[in-house]
There are 4 protein chains.
Amino acid sequence: MARPLSEEKRQALLDAAAEFVANLGTAASTAKIAKAAGVSEGTLFTYFPTKDDLLNQLFLEIETDLTETMLAPYPADDSAKERLFAVWNRLIDWGLAHATARKALRQLKVSDRVTVESRNRCHFMQRDARTLVEECLAGHAAPGRIAFYIDTILFDLADISINAVTAKPQESDAIRQAGFDLFWKGSAA
Amino acid sequence: MARPLSEEKRQALLDAAAEFVANLGTAASTAKIAKAAGVSEGTLFTYFPTKDDLLNQLFLEIETDLTETMLAPYPADDSAKERLFAVWNRLIDWGLAHATARKALRQLKVSDRVTVESRNRCHFMQRDARTLVEECLAGHAAPGRIAFYIDTILFDLADISINAVTAKPQESDAIRQAGFDLFWKGSAA
Amino acid sequence: MARPLSEEKRQALLDAAAEFVANLGTAASTAKIAKAAGVSEGTLFTYFPTKDDLLNQLFLEIETDLTETMLAPYPADDSAKERLFAVWNRLIDWGLAHATARKALRQLKVSDRVTVESRNRCHFMQRDARTLVEECLAGHAAPGRIAFYIDTILFDLADISINAVTAKPQESDAIRQAGFDLFWKGSAA
Amino acid sequence: MARPLSEEKRQALLDAAAEFVANLGTAASTAKIAKAAGVSEGTLFTYFPTKDDLLNQLFLEIETDLTETMLAPYPADDSAKERLFAVWNRLIDWGLAHATARKALRQLKVSDRVTVESRNRCHFMQRDARTLVEECLAGHAAPGRIAFYIDTILFDLADISINAVTAKPQESDAIRQAGFDLFWKGSAA
DNA sequence: TATGAATGAGATTTCATTCAT
DNA sequence: GATGAATGAAATCTCATTCAT
């Protein structure tokens, strides 16, 4: 069965793409990405039929990673607040640990080369994560606003907070706490 | 002799650039922008020596407009909360009224073609706006967190809220209020 | 040990090639041809060392088929005219029955990827067919022009007539007859 | 009004295209064509927005030239046959004088990159030429077959004859006459 | 023998910028 | 100053062919 497609190469391409997209946006050239991944220009297209495919796969890969991170088991916490804080910290930690992926994601989110379908698929994938947060907010926030808090605020607020931590790493804990406090107190019924 | 360049053409170029950058990002071509502005390809470069210049000027122009909107006189309100709510509403209203400019701004903010210098200049330009908010938050928020709330949270939260309003215009008032509540309650000491 | 290459696959490749060359000319890609033939890209090259080989083989295969069709036994006719009309009808029938092959042949004939050697070999192969026609024309056409009528006119005129029949199938018989009449009367001494 | 498009360059591009298409078919590369025309690769696309445009323009240009050649004034001849022979000679002469254009035309005719619209436009353009021939054939050929003789046979027969003349230039006159005789006698009612 | 991943040259097209008019 | 033709580097993608499996 000839040489099989190498998962290693696929990953190297996605990694290289993340790196370049983070800095150059979707204008990052396939030639540079292929070279950085250590494969020839043509090979990129055996793994991703078009550049847009590569970008969309990259988008989904990063979002998947973030979602899985959020859903990894949590210690059995007592209070809803503590559970949500754990989630919040996961978000912040992920962002700090995946600075490049996060930058790439920002670029991809504003690009119309990431299709509506990719965005929808991503939204669907995150339904468990949303449920997780929902359970933490039930009984705390006004029921009519919970959807707004989750879909609109939480992730972006985390994003903002990560930016702030990245800019001032020495104030990491304070910012992390301030961001969470804002969300928790702000969302109280 | 005064500058013989036509302010009208300059503005037409910036407007056209906003339109295209909003949709295509910084990949928008100078040829298309020039055509949409009703001038020739070459003329664009007599007004903006390079494409990066155009992009940076566009960035500054939009931020300037937003800042001036925020600083326009407010009715003498009693409470800090009411004053801040007025500011908040200005932000939301501006965003709704300048959808294209806002989309362009999002693209520009994530592009490294907008220089650090432009970003700094913008930050400096907004010092009065920050002071305005600072005065509203003094006595309400914890002093140590005020800078964080202003520099990091407020504008991005407004941005997020505008997105939400744009997505569901019929819930405009509710979202507007929910966003403000979150910020106000969340930032309380 | 006999040749282990599968004649079946070879034929599938030639058939697929005919199909694609008919529509895309010699720009038809080996990958598409292989896929349509149900074999892998690499396998094509075990049957035909280069793409040019494939094209030349295809050319020869089609011409061979056409030639054999012409040479299949004829009913013992009386007149030379009737015999030639039978040949003529064979040509037309073959063209109608092998539309794809004919289209492919047209493309191949104008391509310089079909070598002079292939063309010569083809010419040599058709010597019996030419003799057949020669015998029909002897005593009818001027001796000095017979070669011209056969080598230059007859096949191309048949080709033209097939085109016309294909374009207006309902007038098939009329066109067929008109074409033959033109040749027969036109070639009379 | 800046530099105007240069008719000279446009023509150089078409000439270079004819040259390469004649030999390589539509696979002739735009880079080679541009270089041969003495302009940069990019310039080709200011004159022809796509390669297909170039090919279609080339097709139309050659057909136009051929048509105009056919329609140039003829000496007032007596007989229909003499008039038609004059037309025939024009066709042959044109083909001999424009060997490259003729080869290019053959390639273009079998390519599906030349659109139906171009072919239709060409057919429309040649209506006067068809009328000219029609008048020669009226009273000579069977009325029901005249369309067939003109639309299908005449031009292709001339093409065939030119091929033959090109292959054996020393027999030019004989072939020329033989071809015409075939058509004239063959088309007699 | 069969497979299909890998390759890199080459194809078409776009684009920021220059410069003749 | 305004124009838009000219440029050639660079971008995405295709393809015949090779070769590890």
Side-chain angles (χ1 to χ4, degrees), chain A residues 1-6 9-10 24 26-35 38-55, chain B residues 3-6 9 26-35 38-55, chain C residues 3-6 9 26-35 38-55 113, chain D residues 1-6 9-10 24 26-35 38-54:
Chain A
M1 191 209 337
R3 230 171 310 188
L5 280 173
S6 140
K9 274 179 193 155
R10 202 189 105 95
L24 305 175
T26 58
S29 85
T30 52
K32 277 181 193 156
I33 292 169
K35 194 175 180 185
V39 302
S40 76
E41 294 183 39
T43 296
L44 185 149
F45 292 95
T46 69
Y47 286 83
F48 304 95
T50 66
K51 184 180 177 184
D52 279 6
D53 276 298
L54 170 61
L55 295 173
Chain B
R3 118 186 86 158
L5 288 174
S6 140
K9 277 180 190 162
T26 59
S29 83
T30 52
K32 277 183 192 154
I33 292 170
K35 191 176 180 187
V39 304
S40 73
E41 296 178 44
T43 296
L44 186 150
F45 291 92
T46 69
Y47 287 82
F48 305 94
T50 68
K51 185 182 177 182
D52 280 7
D53 277 299
L54 171 60
L55 294 174
Chain C
R3 115 187 89 157
L5 288 174
S6 139
K9 277 181 191 162
T26 59
S29 83
T30 52
K32 276 182 193 154
I33 292 169
K35 191 176 180 187
V39 305
S40 74
E41 295 178 44
T43 297
L44 186 151
F45 291 93
T46 69
Y47 286 83
F48 305 95
T50 68
K51 184 182 177 182
D52 280 7
D53 277 300
L54 170 60
L55 294 174
R113 304 182 74 156
Chain D
M1 191 210 335
R3 230 172 310 188
L5 280 172
S6 141
K9 276 179 191 155
R10 203 189 104 94
L24 304 175
T26 58
S29 86
T30 52
K32 277 181 193 156
I33 292 169
K35 193 174 181 186
V39 302
S40 75
E41 294 183 41
T43 296
L44 185 150
F45 292 93
T46 69
Y47 286 82
F48 305 95
T50 66
K51 184 181 177 183
D52 279 7
D53 276 298
L54 170 60

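Here is how names work: the chains are called A, B, and so on, in the same order as the sequence lines, proteins then strands, and each is numbered from 1.
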Starting at NZ of K9(A), measure out to OG1 of T46(A) and round the result to the nearest 0.5 Å. 8.0 Å

Evaluate the side-chain proximity of D52(A) to T26(A): yes if any heavy-atom separation is below 4.5 Å, no if none is. no

With respect to the phosphate group of dT7(F), does any side-chain polar atom (N or O) of T43(D) fall under 4.0 Å of OP1 or OP2? yes

Pairing partner of dA5(F), by Watson-Crick or G-U wobble and under 3.5 Å for both distances, is dT18(E)

Among the candidates dC19(F), dG8(F), dA5(F), find the nucleotide nearest to the side-chain atoms of R3(A). dC19(F)

DNA chain F nearest-nucleotide lookup for G42(D) and A27(C): closer to the 5′ end is G42(D)

Could you pick out which residue, Y47(D) or R113(C), lies toward the 5' side of DNA chain F when each is mapped onto its nearest nucleotide? Y47(D)

Taking CD from E41(C) and P from dA16(F), how many angstroms apart are they, rounded to a whole number? 9 Å

For Y47(A) and S6(A), indicate whether the former's side chain and the latter's backbone hold a donor-acceptor pair under 3.5 Å. yes

Quick one: F48(C) CZ to dT17(F) P, roughly how many Å, whole number? 13 Å

Using a heavy-atom cut-off of under 4.0 Å over every strand shown, decide if K32(B) touches base, sugar-phosphate, or nothing. nothing

Nearest listed nucleotide, side chain of L5(D), among dT12(E), dA6(F), dA5(E): dA6(F)

Check every atom of dT14(F), dA6(F), dA16(E) against the side chain of F45(A) and return the nucleotide holding the closest atom. dT14(F)

Gap between atoms CZ and C1', on R10(D) and dA5(F) respectively (whole Å): 15 Å

Rounded distance (nearest 0.5 Å) linking atom CZ of R10(A) with atom CG of L5(A): 9.5 Å

Can you check whether S29(B)'s main-chain N or O pairs, donor with acceptor, with K51(B)'s side chain at less than 3.5 Å? no

Side chain of K51(D) (C-beta onward), nearest among dA6(F), dT17(F), dT12(E): dT12(E)

Rounding to a whole Å, what distance do you find between L24(D):CG and dA11(E):C1'? 13 Å

How long is the line joining CG of L44(A) and P of dC13(F), in whole Å? 9 Å

Non-hydrogen atoms of S40(A) and A34(A) that approach each other most closely: O-CB, 3.7 Å

For T46(A) and G38(C), take the nucleotide of DNA chain E holding the closest heavy atom to each; which residue's nucleotide lies nearer the 5' end? G38(C)

Atom pair distance, as rounded to whole Å: NZ in K35(A) and C1' in dG8(E): 13 Å

Let's see if you can work this out: which of dT21(E), dT12(F), dT12(E) has an atom nearest to the side-chain heavy atoms of S29(A)? dT12(F)

Using Watson-Crick or G-U wobble geometry with both distances under 3.5 Å, which nucleotide pairs with dC13(F)? dG10(E)

Which nucleotide in the list dA2(F), dT17(F), dT12(F) gets nearest to the side chain of T50(C)? dT17(F)

Take the protein atom CD1 of I33(D) and the nucleotide atom P of dT13(E), then report the distance between them rounded to whole Å. 11 Å

How would you label the contact of T30(B) with the nucleic acid (heavy atoms, under 4.0 Å): base, sugar-phosphate, or nothing? base

How do K9(C) and A28(B) order along DNA chain E: which one's closest nucleotide is nearer the 5' end? K9(C)

